[in-house]
Amino acid sequence: QLQLVESGGGLVQPGGSLRLSCAVAGFRVNLYSIGWFRQGPGKEREGVSCISSSGGFTTFADSVKGRFTIARDNAKNTMYLQMNSLKPEDTGIYYCAAWKMGLEACVLEKNPYEYWGQGTQVTVSS
């Protein structure tokens with residue numbers, strides 16, 4: 001099994017920036033694609049961004065394109081989500097998740113992801 005622990009959440013003003021980290025412990029972490037998801041109050045969990053096992057493929061939800069970036073450091077088994085130009089609609093609990101895929105790809109659908117972190121709260125408010 002994998003264990004994932006998110007960190008870096010907090011309160012930030014609109015227009016500000018925040019970087020989330022996801023530390024992953026387990027066997028052959030570099031074989032897994034990593035996704036970031038969020039769930040706002042009263043809303044369903046939605047995909048934000050994902051990155052393939054090698055880091056060569058990434059994708060972003062339309063709502064965050066141009067504002068968020070994703071990266072992974074396989075040597076440290078740590079994944080990052082850099083969030084810039086934050087908006088109140090970005091508020092929610094952010095989760096990282098892992099899925100072992102046999103090719104260089106990832107998806108923003110939650111179904112194939114097998115392992116999940118506990119989540120970290122991000123609040124964007126003035």
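- Between the side chain of Thr78 and the backbone N or O of Lys76 there is at least one donor-acceptor pair closer than 3.5 Å.
- The nearest pair of heavy atoms linking Tyr95 to Gln118 is CE2-O, 3.7 Å.
- For the pair Thr91 (side chain) and Val124 (backbone), a donor-acceptor distance under 3.5 Å is present.
- Contact of the Met83 side chain with the Val122 side chain is registered, since non-hydrogen atoms from C-beta on lie closer than 4.5 Å.
- Ring geometry for Phe37 versus Tyr113: interplanar angle over 60°, hence perpendicular rather than tilted (30 to 60°).
- Closest approach of Ser126 and Pro14 over heavy atoms only: N-CD, 3.7 Å.
- When the shell of 6.0 Å around CD of Gln3 is examined, it contains 12 or fewer heavy atoms from other residues, nucleotides or ligands.
- Taking each heavy atom of Leu108 and Val48 in turn, the nearest pair found is CD2-C, 4.0 Å.
- Salt-bridge formation is detected for the pair Asp62/Lys65: a Lys NZ or Arg NE/NH1/NH2 atom is positioned less than 4.0 Å from an Asp or Glu carboxylate oxygen.
- Heavy atoms only, all atoms of each residue included: Asn74 and Arg72 are closest at OD1-NE, 2.7 Å.
- In the hydrophobic clustering of this structure, Val5 does not group with Leu20; members are Ile, Leu, Val, Met, Phe, Trp, Tyr whose side-chain heavy atoms approach within less than 4.5 Å, directly or through other members.
- A side-chain donor-acceptor contact under 3.5 Å links Ser52 and Glu104.
- Rounding to the nearest 0.5 Å gives a distance of 10.0 Å between OG of Ser17 and CZ of Arg67.
- Glu6 contributes a side-chain N or O that, together with a main-chain N or O of Gly119, makes up a donor-acceptor pair within less than 3.5 Å.
- The structure places CH2 of Trp99 at 8.0 Å from SG of Cys106, a figure rounded to the nearest 0.5 Å.
- Of all non-hydrogen atoms in Tyr80 and Asp73, the two that sit nearest each other are CE1-CB, 4.2 Å.
- By the neighbour-count criterion of 12 heavy atoms within 6.0 Å, atom CD of Glu114 is sparsely surrounded, having that number or fewer from other residues, nucleotides or ligands.
- A pairwise comparison of heavy atoms in Gln82 and Asn84 identifies NE2-OD1, 3.1 Å as the closest pair.
- Proximity of a side-chain donor or acceptor of Ser49 to a complementary backbone N or O of Thr59 within less than 3.5 Å is detected.
- Put simply, CD on Glu46 and CZ on Arg38 are 4.5 Å apart, with the number rounded to the nearest 0.5 Å.
- The number of heavy atoms from other shown groups lying within 6.0 Å of CD (Glu109) does not exceed 12.
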